[in-house]
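The chains referred to below are lettered A, B, ... by the order of the sequence lines, with proteins before strands, and numbering in each begins at 1. Values reported hereafter were calculated over all heavy atoms of this structure, with side chains retained and with hydrogens, waters and symmetry mates removed.
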There are 2 protein chains.
Amino acid sequence: MIQTEILCQSPIFRGISPDDLRELFSRILYQVKTYQKNELITIGGEICDRLLIIQQGSVKAEMTDYSGKVIKIEDLAAPWPLATAFLFGKENRFPVTVSATSEVEMVSIPKPEFVKLLQMNSLILNNYLNTISSRAQFLSQKLKFLSFKTIRQKIAHFLLEKAGDRLQTVEIMQTQGQLAEMFGVTRPSLARALSEMSQEGLIKIDRRSIKIQDKNRMNQLLKN
Amino acid sequence: MIQTEILCQSPIFRGISPDDLRELFSRILYQVKTYQKNELITIGGEICDRLLIIQQGSVKAEMTDYSGKVIKIEDLAAPWPLATAFLFGKENRFPVTVSATSEVEMVSIPKPEFVKLLQMNSLILNNYLNTISSRAQFLSQKLKFLSFKTIRQKIAHFLLEKAGDRLQTVEIMQTQGQLAEMFGVTRPSLARALSEMSQEGLIKIDRRSIKIQDKNRMNQLLKN
DNA sequence: TTTTGTTTGTAACATTTGATACAAAAATAC
DNA sequence: GTATTTTTGTATCAAATGTTACAAACAAAA
């Protein structure tokens, strides 16, 4: 049985009343499946031709590496949808193996039926488009960040982004350790780069606030 | 005037007959705007609340860096859509400044009207979902590749991916130089890493074919 | 205040990679 | 077959970053 009070909390059905959602579901085909703890739900590599939404319980996603060993990727709980990014596009396969970590109820909507839902209700359509677009935008940002090779470049990008057109001084909310992790470098390396940039007059560091002293030279760092 | 013979070549309208497309357009609001050479079409940072499709001519996309200098990003021509990844999601702003490089006709569909199109025609809906999903999948792959830090890791990932479960020997189609560029490293560095891995018995290199001799140790390289 | 734990600055050394150069090997052209 | 170009293997040195370690500064708790 579907529980629309839970499902309407899901990112895809957000903003829809439980009653409306029940009405919508009555017009499509779907299944509600129950899985016991530790039971397999999807296998990595399997074709992804249906949308799965956790209605009750929690699952874990794992990936198999090339030698066959298993790495845990993430934990998900109701009312989250699974693999929204793999229903469409060229790579229609589950990237991960999903199994139940408690007793689980899973709503399974075949792709053609989900397309009907998208066409019947513009809120669902917008929610879904927003979900996958935001993901693409997030990945794109992350990729841009990774494209800067040296630590100085990463620092410059981070500071200029935070400062925008106007500000000269940026207040950092994270510790150096957290920043270093974001940048994918070690903490002492980040500290060294910061102190060198400070010595060279590019920035001025006072605790957690950093003043950009030479915007032009900072920009030149990003040229390559 | 819209030219549906051209527009139906666009990734978003692919598979739809010119006549059907004309009928669909008759049911929504849209504009066809003409731009002279060098005229501005969108400005980076501007809100992206409409879908733009090049119907005639070509444009260039440029980005402004933090110091105000302009970097060319890409050239686009008819019948390509602009910024499909920024119509929805959290970041609804054009990332680039677009200007005409020849006389240009641009079809402009306001976002709510485009949503109508998506709901009226499931082919358009599928095309659009496939476009942005594929983009997210592509970015995700690229990100995964970049997450490997050492050259050895990149080599291991590349070879294990190519080999799959079965094969032991991988035939490389590119030159070392091309591979090095893909990996974002210099050619001598790649050659050195390969020869070291060969000395350590991980792989055996014979011209353009590389045999994976120790899959387990290769996998361990990817653990961190 | 004193104590304790966290954050920061910095140093010494090891490792990885880039830059450059050059010769051997292979592929291609003549 | 010879000449020319491309590709590959390798060496040397420099630059960037990681690793480890430790002390000073700071913040929170007792």
Side-chain angles (χ1 to χ4, degrees), chain A residues 142 145-159 162 169-213 217-224, chain B residues 142 145-159 162 169-213 217-224:
Chain A
K142 199 147 186 173
F145 194 80
L146 275 181
S147 76
F148 296 116
K149 285 183 186 157
T150 67
I151 298 183
R152 296 169 83 96
Q153 284 183 325
K154 291 177 186 175
I155 293 172
H157 174 66
F158 176 79
L159 291 178
K162 279 231 161 186
T169 304
V170 174
E171 300 290 335
I172 314 285
M173 304 312 277
Q174 301 105 318
T175 69
Q176 274 192 12
Q178 291 169 322
L179 264 191
E181 193 171 342
M182 264 186 58
F183 288 13
V185 301
T186 60
R187 208 264 313 161
S189 296
L190 177 63
R192 172 171 44 200
L194 281 171
S195 102
E196 282 169 4
M197 288 171 80
S198 171
Q199 277 176 19
E200 292 169 29
L202 284 166
I203 56 178
K204 197 168 194 173
I205 307 177
D206 178 24
R207 314 287 239 89
R208 293 259 175 111
S209 91
I210 299 180
K211 184 177 172 193
I212 301 173
Q213 294 199 299
R217 266 201 289 160
M218 291 280 273
N219 272 300
Q220 278 178 9
L221 286 178
L222 301 179
K223 280 300 157 53
N224 308 326
Chain B
K142 200 147 188 174
F145 195 80
L146 275 181
S147 75
F148 297 117
K149 285 182 185 161
T150 67
I151 299 182
R152 296 168 83 97
Q153 283 183 326
K154 291 177 186 175
I155 294 172
H157 174 68
F158 177 80
L159 291 178
K162 280 231 161 187
T169 304
V170 174
E171 299 291 334
I172 313 285
M173 305 312 277
Q174 301 105 316
T175 69
Q176 274 192 12
Q178 292 168 322
L179 264 191
E181 193 171 342
M182 263 186 59
F183 288 11
V185 301
T186 60
R187 209 263 314 157
S189 295
L190 178 63
R192 173 173 43 199
L194 281 171
S195 103
E196 282 169 4
M197 288 170 82
S198 171
Q199 276 177 19
E200 293 168 28
L202 283 166
I203 55 177
K204 198 168 192 175
I205 307 176
D206 178 24
R207 313 287 238 86
R208 294 262 174 109
S209 91
I210 298 179
K211 184 177 172 194
I212 301 173
Q213 294 199 297
R217 267 201 289 159
M218 292 280 273
N219 271 300
Q220 278 177 10
L221 287 178
L222 302 179
K223 281 298 158 53
N224 309 323

Short question: side chain of B:Q178, backbone of B:T175 - any donor-acceptor pair under 3.5 Å? yes

Find the distance between CD1 (A:I151) and CG (A:L194) and round it off to the nearest 0.5 Å. 9.0 Å

If the sugar-phosphate is the primed atoms plus P, OP1 and OP2 and the base is the rest, what is the B/S/- string for nucleotides 5-11 of chain D, using protein heavy atoms under 4.0 Å? --SBBBB

More than 12 heavy atoms of other residues, nucleotides or ligands under 6.0 Å from CD of A:E200: yes or no? yes

Is the shortest side-chain heavy-atom distance between A:F158 and A:I172 below 4.5 Å? yes

Rounded to whole angstroms, how far apart are CE on A:M173 and C1' on C:dT7? 16 Å

Whole-Å distance between C:dG9 C1' and A:M197 CE? 17 Å

Rounded distance in Å - CZ (A:F183) to P (D:dA16): 18 Å

Would you mind reporting whether B:K154 and B:M182 have side-chain heavy atoms less than 4.5 Å apart? no

Rounding to 0.5 Å, atoms OG (B:S189) and CD (B:Q176) come to a distance of 11.0 Å

Given axes from five pairs at either end, by how many degrees does the helix from C:dT1-D:dA30 to C:dC30-D:dG1 bend, rounded to 10°? 40°

Which label fits A:F183 and A:F145: parallel for a plane angle under 30°, tilted from 30 to 60°, or perpendicular past 60°? tilted

Is any side-chain heavy atom of B:M197 less than 4.5 Å from a side-chain heavy atom of B:M218? yes

Over how many whole Å does the gap from B:K154 atom NZ to C:dT17 atom C1' extend? 10 Å

Separation of A:I151 atom CD1 from C:dT17 atom P, in whole Å? 15 Å

Calculate the interatomic distance between A:R152 atom CZ and D:dA16 atom P; express it in whole Å. 8 Å

Straight-line distance of B:K211 NZ to B:L202 CG, nearest 0.5 Å: 13.5 Å

Spacing between B:E181 atom CD and C:dT17 atom C1', to the nearest angstrom: 17 Å

Rounded to the nearest Å, what distance is computed from the CG atom of residue A:L190 to the C1' atom of nucleotide C:dT7? 13 Å

